[in-house]
Amino acid sequence: TYPVVNRTIRTPLSDAEQHYGSMFDIEAVNDVVVKRMDIHMESTNSFEMVKVYTKYGTHRGYERRPGAWKEIFGSNVSGSGVGSFTSLPEVSFASTHVLAGNTQAFYVSLSAPNLLNSRGLTTGDINVQNDDLILRVGVAKGNYFGTTINNKSWNGQILYSTPSSESLDPTTSPTIAIPSPTYFPSFISLISSDKPSSSSNPVDRALRSTFDGTQSNYGNMFDIFAQHTVNVQSLAVHTT
């Protein structure tokens, strides 16, 4: 394990409009683990089904493509009403690793049009930011990957953790650097290299591809060319 610092990034709760859902992107300035989120709901008197989906990269171009997304939360939630955060229980929320420099999209979907979004900004603009994350203006959504309404800002807060900047043990870095293919679709080859280094021990390295694949197939063949002697230890793949 590694020391972590728990932090929060939150948006204003203002100029709200009701929709079934909201899609938005976050950009990681530092490595983060999204642990859960709170949302802004209009309703207060009944339980509603809330689902949260995520995908690597931007939501743009994927607003109507459910196969590109992974569900990370699904539970009946009682809303806290206008002007208050409605918490999504962490026990039901699958954490998502986002590496520094990467973009991760999220889609919050309700069973009724009671999710509150703000208006007045342009999709892709910065909604809020802090030292770890940039949260961008996204789009509102109709019921389950339905109609897309541009220039809407998700209302809520994201609770996340970051590795401690004071005492991160370098031997634990692969835990952060190699994301889980379940919640962070990727293709990564972890390589132990015999390339000469300052010590006599092999050096663990990772080689990763881009994440632009949009076609689903049963398999893939490819070649690698070794410029030094290497030992391929593991792979992580990109799945829908």
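Every value quoted in this text rests on a predicted model; they were computed, and no experiment measured them.
- Formation of a donor-acceptor pair under 3.5 Å by the T44 side chain with backbone atoms of G79 is not found in this model.
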Checklist line | side chain to side chain contact (heavy atoms under 4.5 Å, CB included) between M37 and F93, worked out | finding: CA-CA 9 Å; M37 61 177 59; F93 202 102; 3.8 Å; yes
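- Side-chain atoms of K55 come within 3.5 Å of backbone atoms of T58 as a donor-acceptor pair (strictly under, hydrogens ignored).
- D132 and T162 share no donor-acceptor pair across their side chains, judged by distance under 3.5 Å alone.
- When the side-chain contact (heavy atoms from CB on, under 4.5 Å) test is applied to V82, the partners found at least two apart in sequence or on another chain are H40, E42, L116.
- Between the side chains of K141 and S109, no donor-acceptor pair of N or O atoms lies under 3.5 Å.
- Residues L133 and V32 are in side-chain contact: their nearest non-hydrogen atoms beyond the backbone lie under 4.5 Å apart.
- Ring pair Y53/Y107 is parallel by interplanar angle, where below 30° counts as parallel and above 60° as perpendicular.
- With hydrogens and angles ignored, the 3.5 Å screen pairs a side-chain donor or acceptor of T54 with a backbone N or O of A105.
- A heavy-atom distance below 4.5 Å is not found between the side chains of T103 and I26.
- We find the CZ-CG distance between R60 and N150 to be 9.0 Å, quoted to the nearest 0.5 Å.
- Panel note: side chain W154, backbone I39; no donor-acceptor pair is recorded below 3.5 Å.
- Residues K152 and V139 have side chains not in contact (no heavy-atom distance under 4.5 Å, counting atoms from C-beta outward).
- For the residue pair E48 / N76, no side-chain donor-acceptor distance below 3.5 Å is found, with atom types taken as modelled.
- In this structure a side-chain-to-backbone donor-acceptor pair under 3.5 Å is present from N30 to D131.
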